[in-house]
2 protein chains.
Amino acid sequence: MRLAELSRRSGVSPATIKYYLREGLLPAGARVSATQAEYDEEHLRRLRLVRALVQVGRVPVATARRVLAAVDDESAGQFDRLGEVVTALPHGPAPDDDDHATARARETADEVQRRLGWRAVPGNPAHQALVAALAALVRLGYPASVEDVMPYGRVAADIAEHELAVIDEFEASTTQLEAAVALTVLYEPVLLNLRRLAQANEAGRVFRIDAEAGD
Amino acid sequence: MRLAELSRRSGVSPATIKYYLREGLLPAGARVSATQAEYDEEHLRRLRLVRALVQVGRVPVATARRVLAAVDDESAGQFDRLGEVVTALPHGPAPDDDDHATARARETADEVQRRLGWRAVPGNPAHQALVAALAALVRLGYPASVEDVMPYGRVAADIAEHELAVIDEFEASTTQLEAAVALTVLYEPVLLNLRRLAQANEAGRVFRIDAEAGD
DNA sequence: GTCATTGGAGAGTGGCACTATCCAATCATG
DNA sequence: CATGATTGGATAGTGCCACTCTCCAATGAC
């Protein structure tokens, strides 16, 4: 199919598809002549994945390129590619200054991971972002002790175990990696928005009861 | 204290503090003369909250203004203010087109909420964002059935119940609302990054065993 | 043969979170 | 009281990012 049809079938504007081609998010089509290229179903699928990552998963375009390159890199082993993928995916900001709050947050993060039996990797961007978030809570005086964080850690462990089981069912290593990326990135907003809905629901219960009791 | 000292104590540049004052994220200081203003500890605390929301929570500045205005609005009741806060907080994008995938996603979202005993509010931005994320999964052919999503819903319900209990322990309604905002926004990266760490840990177990077994 | 279409390249746009520059009023100091 | 530094407010500018617009030569369809 031509670029115009790829655009029509995906709902992505031709200009944006050209942009993705330029940025290396989408492999070039098979050049059928000097001014025409042919795209197939695989291009359509990849384009949909890119759109999902960028729009729903809020992955920056430059990051998506790195992630997809790691997924496609047949030369490296599966475990190394997965490592590249998870470190390339966007995380929060790393802690900017090493104050008291950051130090306490780091201790908390380490202890939580120890209790869950995880190997703590201090350089891991997810670890850094976790410390930064906990440090912000500490700075504001909100609860962020090991006991406060542990419930989230247990929940995360449950979810991850379930997700890896799902990923492991895919056959080829490239489809496994693509599934890992898609499920990691796209179930993120699912989880967050379900949490928001649960909070709204729970808040309705708690505060309405309070209000009925006379505030 | 003067703006310069507020800057020193918070680590935020004077130019950025001025920007926040202009944008209404930070109330003006007490004007002590035509060219001088006095800031107190409350300003410092608010500034730290703003920084945490904007930097760690990735809340857009315009959104933070709405959220903080609702927290401060003494004229409205607590429940209404909380409603304004949760709808103002950033969510993912709403579904852009109403195709087959979106329709299926909507059904799934409704059924999950029904099973969890939540009142489904279709106009809720969190609901919209949930549908958009599920639609993206459906479009890519990844598992997004009611059974796939329910574990996340149960986890969200557990977390929310725990969080509301924490919030309910704060005394004044303004501090409760501020706590609701801070905990909702700042525990989000905590949860997400713990999930990433759990995934990395679980992936290490699964794929290393696979590799040892001969790939 | 003619004219609309295609794909590639480069520059331009709009939004956002700052950031740099001015400026007049004021404060501390001698 | 003179004077130079500081302060806070206003305005314009910067850098980044995800597109989007415009142009163009080569081509394909009729």
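So you know, we letter chains A, B, ... as the sequences are listed, proteins then strands, and number each from 1. Side-chain atoms are counted along with the backbone in the values below, which use heavy atoms only and exclude waters and symmetry mates. These numbers come from a predicted model, not from an experiment.
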Nearest-Å distance, CZ (B:R22) to P (D:dG13)? 14 Å
Relative to the 5' end of DNA chain C, which residue comes earlier, B:A34 or A:Y39, by the nucleotide with the nearest heavy atom? A:Y39
Mind checking if B:R65 touches a base, just sugar-phosphate, or nothing, with heavy atoms under 4.0 Å? nothing
Parallel, tilted or perpendicular: which one describes the rings of B:Y152 and A:H162, with boundaries at 30° and 60°? perpendicular
Taking only N and O in the side chain of B:T16, is any of them less than 4.0 Å away from OP1 or OP2 of C:dA17? no
Round to a whole Å and report the spacing from CZ of A:R31 to P of C:dG8. 6 Å
Interatomic distance, A:R58 CZ vs D:dC17 P [rounded to whole Å]: 16 Å
Measure the distance from OH on B:Y19 to C1' on D:dG8 and round it to the nearest whole Å. 18 Å
Between atom CG in B:D96 and atom P in D:dC19, what is the gap in whole Å? 12 Å
A:L183 vs B:L137 side-chain heavy atoms within contact, under 4.5 Å: yes
Length of the NZ-P vector between B:K18 and C:dC23, whole Å: 14 Å
Between B:Y20 and B:R51, does any side-chain donor sit less than 3.5 Å from a side-chain acceptor? yes
Flag if over 12 foreign heavy atoms under 6.0 Å of CD, A:E161: no
What's B:R2 touching, base or sugar-phosphate or nothing? Going by heavy atoms closer than 4.0 Å. sugar-phosphate
Return the value, rounded to whole Å, for the distance between atom OH of A:Y20 and atom P of C:dG8. 17 Å
Is A:P60 touching bases, backbone alone, or none of the nucleic acid, heavy atoms closer than 4.0 Å? sugar-phosphate
Is the phosphate of D:dC19 approached by A:R51 (side-chain N or O, under 4.0 Å from OP1 or OP2)? yes
When all nucleic acid strands are considered with a 4.0 Å heavy-atom cut-off, which category describes A:A15: base, sugar-phosphate, or nothing? base
Once you round it to whole Å, what is the distance between P of D:dG9 and CD of B:E23? 14 Å
Contact nearer the 5' end of DNA chain C, comparing A:L21 with B:Q55: A:L21
Test applied, side-chain contact (heavy atoms from CB on, under 4.5 Å); reference residue, B:R81; option that passes from B:V86, B:T174, B:D72: B:T174
Select from A:V61 and B:E38 the residue whose nearest nucleotide in DNA chain D is closer to the 5' end of that strand. B:E38
Between B:S33 and C:dC27, does any side-chain N or O lie under 4.0 Å from OP1 or OP2? yes
